[in-house]
Structures are given as C-alpha cells and as structure tokens.
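Since the structure is predicted, the reported quantities are computational estimates derived from the model, not experimental observations.
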Amino acid sequence: MNTSPVASPVFAGVDFERGRLFETRDADEAQFLCGRVFSPHRLRLLAPGGALHARMDNLPMGALSLSRLSWQAPVAVDPGTLENYYLLCLPTRGGIDYWHGRHAYQATPGQFSIVGGGQRFHFAASENYEQIVVRIERTAVDAAWAALAGAPPRDAICFRGDVPTDGPTWCAIEPALRMMAEAARGDPALAALPHLHARLEDLLVTSLLLRQPHSHLQMRPPGGAAVSPTLRKAKAYMLERLEEPLTLTTLAHGIDVPARTIQSAFQAAEGMGPLQWLRTRRLHAAREALLSADGKAPRVADTAFRFGFCHLGEFAQHYRRTFNETPRQTLLRRA
C-alpha cells in the first residue's frame, strides 16, 4: 500500500484488518455501516457508475478509536455537524477537499485535519483516497480544557481545521499517535492497557488544546499562586492512587485545581512536573513490592504493570537510573 512518509512509520505494523467492519461495493451499505461508527451521513458517487469498493476497519482504544477507511472511487461525504466528537484525519493516499465551518481546506498525506466541535463539515475525496482516523469524544476535550483553564468551556471548542506535518501541533501529537500504534500492534501487555489508554488520551487531547489554534485559546488564565496547598493536595491524591490510571486531567479534576496551577506548583517546589513526581513514587512502590517478604516472589512484569508502567524496557531504564540496580537484582536481594 502506498502510504504517506509521515503516517506510515507511525502506524507501520498495525493489523487494521483484524478490526474489519465491512468491505462492500454497495454505496447504501457503506453509508449505513460507516454511520454506525461515526454519524449518519450522505454518501454520493462523484462519477456515476464508478466502481465503489468501500472498506472500513475500526480498533477501539479506551475512549478513543482508530479507524482506516477508503472508497476507491471519487465520493462526496456530508455528515452535517459533528456535535459530540472530533475526528483527527490522517490521509495515507490521495487527497480531499473539505469544508469545516466557514473555511475550505485540502488534506493530503502531508496535510492532516481535525474537524468537529459542532462545525458544519463535508468533503469530496479523490478516487484513490485512503485515511486513518482517530475519533476523540467531545467530553474528553471539554474535561481536558476544564483541567487546563479551571472552568469548563462555555461552548464547543472549535479547532482550526488544517494540521501541517511540519508544524508544532504535529510535533506535539506524534508521540501520542505512536503510543496508539504500539497499543494497536499489541505491544503492551493487557494489564498495562488501562494506564496506557488514559495516558495517550490525555497526551493527545492536551497537546491539541495547547498547540492547535482553536476558539478558546486566549481564554486560559495564568497559573495561580496557592502553591503549598496545591502541592499537598496533589501529592496526597496521587499517593492514594498509585495503582490507578492517572493523568494530569484527572488529577486537576480530582483536587479541583487548574492543571497549569498544579504544574507551576511542582516546578517551583520539586523542579519537575506532577507526573514525573508520580513516576518516582511509583518506582519506589514497585521496589517495595519486589522486596516484600510476604508470599511468593512477584514477577517483574506484573509489578511494573501494576504501577502503571506500560513498557518493561522503559520501566527497567527508570528503575536502574533511580536505584542503581535492575529490578531482577532487587528480587535477588528479597528477604
């Protein structure tokens, strides 16, 4: 398959076909089945009598979902407004002309798009168009904004539609997309997936809110000054949840303090962000579990996943840097 030089390395090795929803030459069937995942929409062949051959794959990933679809014929698609979700669209072949709100854009393998937020949206795709699509729920975007700003958005957040691959937004979201690809390939163990899903959703949504121009970007207030109470509340909250999936967004909601205030408090007092501080605490908790004399010796992998480390290599690297020994060396010293 001729994929883009940017999207292909990110999603290389993902077996999309294991999530095959449909493969059909019937336009009505394609419209109906695709509409069950996204929204009801109108699908029209732009070349009457053209050889439609529609395919769609879908891989759920916690609150996000990853899809791949193509029509293999020039089509016009009109879902109207996307009220309850956003779509991050990454073309891998061909191109589309699309309209989002009052603006017209083009998307190709080097020019991605984000649509939704209650804006009118429709597009016309070329014959050979294929795309990978990440669906993001509006509730996740609203929650992340409330964590950043300290108050929920007054109305739907509307992003600028185009996302060039040579801009700051792509640089910010690419790590989250790589995490999605790793999870879709089945790299992390099942025990680590709740932590990974929460982490990548928070990273993706927060990066979009901070980097991609949108309707609320100038409304974010500066961080507050109540450093010590914030620090105490945040640390206590995280220490009580060392084994739970935890993101900056959930932390901000949990203690009812804007995320920027929390970030400022930790940087001022600890010289690091709150999630870096949490990682250190989780490393110490994992070490205590490995050293515990109670019962059968734990497995290193189970211990890492228990405390939210999704990749064993990353866990071992941080562990050795912190304690100057490997997790297995710690197990050998178990009382």
Side-chain angles (χ1 to χ4, degrees), residues 61-64 136 140-141 143-150 171-180 182-183 188-189 191-211 220 222-224 226-289 303-323 327:
M61 310 198 69
L64 302 172
I136 306 168
V141 174
W145 179 255
L148 287 170
C171 292
I173 68 174
E174 186 182 19
L177 296 177
R178 289 190 180 278
M179 288 170 60
M180 287 194 75
E182 289 171 4
L193 287 181
H195 292 276
L196 179 60
H197 288 161
R199 180 177 164 192
L200 71 86
E201 180 187 57
D202 189 64
L203 177 59
L204 178 60
V205 173
T206 301
S207 297
L208 284 169
L209 287 169
L210 293 175
R211 297 292 184 178
R220 188 172 68 247
V227 171
S228 295
T230 293
L231 206 62
R232 288 195 297 271
K233 289 170 65 177
K235 287 182 176 180
Y237 188 89
M238 289 189 286
L239 288 173
E240 292 172 0
R241 295 163 175 81
L242 289 178
E243 299 181 34
E244 299 178 19
L246 190 63
T247 66
L248 184 58
T249 298
T250 55
L251 172 60
H253 282 294
I255 67 172
D256 196 26
V257 175
R260 292 188 70 207
T261 302
I262 299 171
Q263 290 273 30
S264 298
F266 272 87
Q267 287 294 339
E270 303 288 345
M272 65 180 70
L275 297 187
Q276 289 176 287
W277 183 89
L278 174 62
R279 183 181 64 197
T280 301
R281 302 278 67 78
R282 283 176 164 169
L283 283 169
H284 281 274
R287 181 177 176 81
E288 289 180 14
T303 303
F305 298 146
R306 173 185 168 189
F307 291 104
F309 294 93
C310 304
H311 301 281
L312 291 180
E314 179 182 299
F315 170 69
Q317 181 182 29
H318 290 305
Y319 191 98
R320 184 165 191 167
R321 186 180 299 136
T322 303
F323 303 115

Does L242 offer a backbone N or O that forms a donor-acceptor pair with the side chain of R282 under 3.5 Å? yes

Does P274 reach the side chain of L251, with side-chain heavy atoms less than 4.5 Å apart? yes

Determine whether F309 and L283 make a side-chain contact, defined as any pair of heavy atoms from C-beta on separated by less than 4.5 Å. yes

Taking ring-ring contact (aromatic ring centres under 6.0 Å, His included) as the cut-off, I'd like each qualifying pair that reaches into residues 267-289, sequence neighbours left out, listed once. F266-W277, H284-F323

Nearest heavy-atom pair of [X] and [Y]: which atoms, and what distance?
| X | Y | result |
| --- | --- | --- |
| A176 | L200 | CB-O, 4.0 Å |
| A147 | H253 | N-NE2, 4.2 Å |
| I262 | A252 | CD1-CA, 3.7 Å |
| M61 | A183 | CE-CB, 3.2 Å |
| V205 | V141 | CG1-CA, 3.7 Å |

If you count every heavy atom of other residues, nucleotides or ligands that lies below 6.0 Å from R281 atom CZ, does the total exceed 12? yes

List the residues meeting salt bridge (Lys or Arg N to Asp or Glu O under 4.0 Å) with [X], not counting sequence neighbours, and say none if there are none.
| X | answer |
| --- | --- |
| R287 | E325 |
| R199 | E314 |
| E288 | none |

Any side-chain hydrogen bond (donor to acceptor under 3.5 Å, both in side chains) involving residues 235-245? Give me the pairs, sequence neighbours left out, ordered by first then second residue. K235-E270, E243-R306

Quick one: pull up [atom1] in [X] and [atom2] in [Y] and give me the separation to the nearest 0.5 Å.
| X | Y | atom1 | atom2 | value |
| --- | --- | --- | --- | --- |
| Q263 | R260 | CD | CZ | 9.5 Å |
| L278 | L246 | CG | CG | 5.5 Å |
| H318 | H311 | NE2 | NE2 | 10.5 Å |

Suppose we screen for side chain to side chain contact (heavy atoms under 4.5 Å, CB included). Which residues come up paired with Q317, at least two apart in sequence or across chains? R321

Check side chain to side chain donor-acceptor pair (under 3.5 Å) between T250 and all other residues, then give those that pass, not counting sequence neighbours. T247

Using the test side chain to side chain donor-acceptor pair (under 3.5 Å), find all partners of T249 that sit at least two apart in sequence or belong to another chain. D202

After noting the C-alpha distance and the side-chain angles of R178 and E182, does the key distance pass the salt bridge (Lys or Arg N to Asp or Glu O under 4.0 Å) rule? CA-CA 6 Å; R178 289 190 180 278; E182 289 171 4; over 6 Å; no

Between L148 and L210, does the side-chain contact (heavy atoms from CB on, under 4.5 Å) criterion hold? Intermediate values first, please. CA-CA 9 Å; L148 287 170; L210 293 175; 4.1 Å; yes

Go through the steps to decide whether I173 and R211 satisfy the test side-chain contact (heavy atoms from CB on, under 4.5 Å), and finish with yes or no. CA-CA 9 Å; I173 68 174; R211 297 292 184 178; over 6 Å; no

